[in-house]
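All chains are named by letter (A, B, ...) in the order of the sequence lines, taking the proteins before the strands, and each is independently numbered beginning at 1.
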Number of protein chains: 2
Amino acid sequence: MLSASVSLPVYLQISELLTREIAAGLYAAGDRLPPEAELAKTLGVAVGTLRKALSELELRGMLARRQGSGTYVLPAGMGQSKSVYEFFKLELIRGGGLPTARVIDFQKIATPAAFQTDLSKHCYRLRRLRLLSDTPIALEEIYFDAQSHPHLKAADLGEALYWFYQERLGFWIASAEDRVGVGVVPDWSVQDFAPAVASVCARVERVSRTSKNKIAEYSITWFDAKRCRYVNRLK
Amino acid sequence: MLSASVSLPVYLQISELLTREIAAGLYAAGDRLPPEAELAKTLGVAVGTLRKALSELELRGMLARRQGSGTYVLPAGMGQSKSVYEFFKLELIRGGGLPTARVIDFQKIATPAAFQTDLSKHCYRLRRLRLLSDTPIALEEIYFDAQSHPHLKAADLGEALYWFYQERLGFWIASAEDRVGVGVVPDWSVQDFAPAVASVCARVERVSRTSKNKIAEYSITWFDAKRCRYVNRLK
DNA sequence: AGGAATTTGTGCGTATGTATC
DNA sequence: AGATACATACGCACAAATTCC
């Protein structure tokens, strides 16, 4: 079950396993997990490896660990349960709208020079059309590392990409930096997406980072400024 | 020097030590630290212990670690200190820039219809040219209520408007909401501000609120997307 | 182009300290 | 006081990525 060579590191496989087991209700909020030594033995890993997995989940706010006492399951979403759409910042000018996405293209490519300092040699490039309440409002181009999962297909991706990152790639987006300016619609644009004039197309560059401050993805979004806006709530 | 029993765990002592050394300039941003094995030896600890210390600093965003390459010092994060410019989101494309402002016009006017639900009958309208390191990059139009101070003149305003609000008007900005899109440069534009073409002008609408959730000001900013961008750091 | 050397990442096992029960 | 459980620390072996010759 737990194999090192196939895909994810063992300690991440364990985080995922425990995440699923907690989600499935095998451990409820408030429960104490078995002691490290015991859990490590049943999982067939060294204690140190298990500890690394548990630390991950503690950092994520799923577990609380108390020396001398034990490891406890925390109630879901104590300020943690971030919506998958938390980082989606586009809004129809008339307000609201339910975000969806349609894949235009998905390929594994050689990492472009601009990203080579932060991504490994190969990365995935995902191109999507974004919609708000069925209105096409933006084109999106996303680059993320191919290293951990070298053989992804378009079908493996769900609509909620950040959820996919967490479940399948073992990391989650903790922060991002957006740069909003103006741009020209890319040449791979589709018929559905047609800003009235080139002059009303805005452009967002995003760098997303994981909780470890590593770069998780680069993305560029072109949006039709006639129909929607980039919204930012500052506190 | 590094003692376990006295106070902090050794790995934390090391994090602190390295933090001080980086702050002191012994290691500059971009520098590579000595390899783990070497550093551990000079510090007289096991590699695992050192690694834990380095992981701490990586998590804090002070270091970046790259497998096969080394451990690097990152530039000091600017996310820490809050300033009057905390809500100023424009940045030169080439990076950074010191924000200043030049008043173009300041008048007391009848409140425009669009703001009448939130501002009283009269308000001030301030028009400014914004600069980053002496480069004109944006026009700004700000509306705020005239009720509390009915007789302001342009000379009463400082460059740092938010500071002025707090000192003279008795409130401070606690939150804001920005909507970024694309727009046309207003007719009161000045010679200094000349985006190459209309197509590279972006537009930010802002609603700022006080700590009591009352609307403090409305503003519109037109910025030259060729020279600068709207930057948003999300956590 | 390719291979060796370097450097961090992962994983194992163990011993000891310290907080809790 | 004793048992239990997590925290810290040490050391080693190998994998994976990068760098350099």
Side-chain angles (χ1 to χ4, degrees), chain A residues 1-16 18 31-59 63-73 110-111 115-123 145-150 169-171 210 212-215, chain B residues 1-16 18 31-59 63-74:
Chain A
M1 174 176 53
L2 300 174
S3 52
S5 57
V6 181
S7 55
L8 252 53
V10 174
Y11 76 93
L12 283 180
Q13 292 182 43
I14 294 178
S15 322
E16 280 200 60
L18 290 174
D31 282 2
R32 187 177 65 186
L33 295 186
E36 290 178 348
E38 187 185 325
L39 201 47
K41 199 176 169 192
T42 54
L43 291 171
V45 298
V47 181
T49 305
L50 175 66
R51 284 180 59 79
K52 206 164 174 182
L54 294 175
S55 300
E56 281 284 321
L57 298 181
E58 185 185 23
L59 200 69
L63 298 178
R65 322 189 64 207
R66 286 207 295 280
Q67 185 176 170
S69 178
T71 303
Y72 299 86
V73 178
T111 300
F115 309 145
Q116 274 175 7
T117 41
D118 300 299
L119 303 183
S120 67
K121 213 158 281 178
H122 292 277
C123 68
D145 209 293
Q147 188 174 302
S148 59
H149 260 238
L169 303 188
F171 65 83
T210 69
K212 287 179 182 168
N213 218 34
K214 288 208 174 246
I215 290 182
Chain B
M1 174 176 56
L2 299 174
S3 54
S5 59
V6 181
S7 54
L8 252 52
V10 174
Y11 77 94
L12 284 180
Q13 292 181 46
I14 294 178
S15 315
E16 301 295 319
L18 289 174
D31 282 2
R32 188 175 67 184
L33 296 186
E36 291 177 346
E38 186 184 326
L39 200 49
K41 198 177 171 191
T42 55
L43 291 169
V45 297
V47 180
T49 305
L50 174 66
R51 284 180 58 81
K52 201 162 178 180
L54 295 176
S55 299
E56 278 288 316
L57 299 181
E58 183 185 22
L59 204 65
L63 297 179
R65 323 189 63 209
R66 286 209 297 277
Q67 186 177 166
S69 179
T71 303
Y72 299 84
V73 178
L74 290 179

Of the listed nucleotides [options], the one nearest the side chain of [X]:
| X | options | value |
| --- | --- | --- |
| B/Y11 | D/dT8, C/dC12, D/dC10 | D/dT8 |
| A/S69 | C/dC21, C/dT8, D/dA7 | C/dC21 |
| B/R65 | D/dC10, C/dG9, C/dG11 | C/dG9 |
| A/A46 | C/dC12, D/dT8, C/dT8 | C/dC12 |

Could you tell me the separation between the [atom1] atom of [X] and the [atom2] atom of [N], rounded to a whole number of Å?
| X | N | atom1 | atom2 | value |
| --- | --- | --- | --- | --- |
| A/K214 | C/dG9 | NZ | C1' | 9 Å |
| A/E58 | D/dA5 | CD | C1' | 14 Å |
| A/H122 | D/dA16 | NE2 | C1' | 15 Å |
| A/Q116 | D/dA17 | CD | C1' | 14 Å |
| B/R51 | C/dT10 | CZ | P | 7 Å |
| A/Y72 | C/dT20 | OH | P | 11 Å |
| B/Q67 | C/dG9 | CD | P | 6 Å |
| B/L50 | C/dT8 | CG | P | 9 Å |

Between atom OH of A/Y11 and atom CD of A/E16, what is the distance when rounded to the nearest 0.5 Å?
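Output value for this atom pair is 11.5 Å.
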
Measure the spacing between CG of A/L57 and NZ of A/K52 and express it to the nearest 0.5 Å.
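Spacing of CG (A/L57) from NZ (A/K52) equals 13.5 Å.
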
Given 3.5 Å as the limit, does a donor-acceptor pair link the side chain of A/T111 with the main chain of A/K121, or not?
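Yes; judged by distance alone, with no hydrogens or angles, the pair exists.
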
I'd like to know if the side chain of A/D145 reaches the main chain of A/L119, judged simply by a donor and an acceptor atom lying under 3.5 Å from each other, with no hydrogens or angles considered.
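No, A/D145 side chain to A/L119 backbone: no donor-acceptor pair under 3.5 Å.
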
Determine the minimum heavy-atom distance between [X] and [Y], stating which atoms define it.
| X | Y | value |
| --- | --- | --- |
| A/L54 | A/E36 | CD1-CG, 4.2 Å |
| A/A37 | A/V47 | CA-CG2, 4.5 Å |
| A/S69 | A/R32 | O-NH1, 3.4 Å |

Is [X] touching bases, backbone alone, or none of the nucleic acid, heavy atoms closer than 4.0 Å?
| X | answer |
| --- | --- |
| A/R66 | sugar-phosphate |
| B/G70 | sugar-phosphate |
| B/K52 | sugar-phosphate |

Return the residues of residues 32-42 of chain B meeting this criterion: a heavy atom under 4.0 Å from some atom of DNA chain C. Order them by number, or give none.
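Under 4.0 Å from DNA chain C: B/P35, B/E36.
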
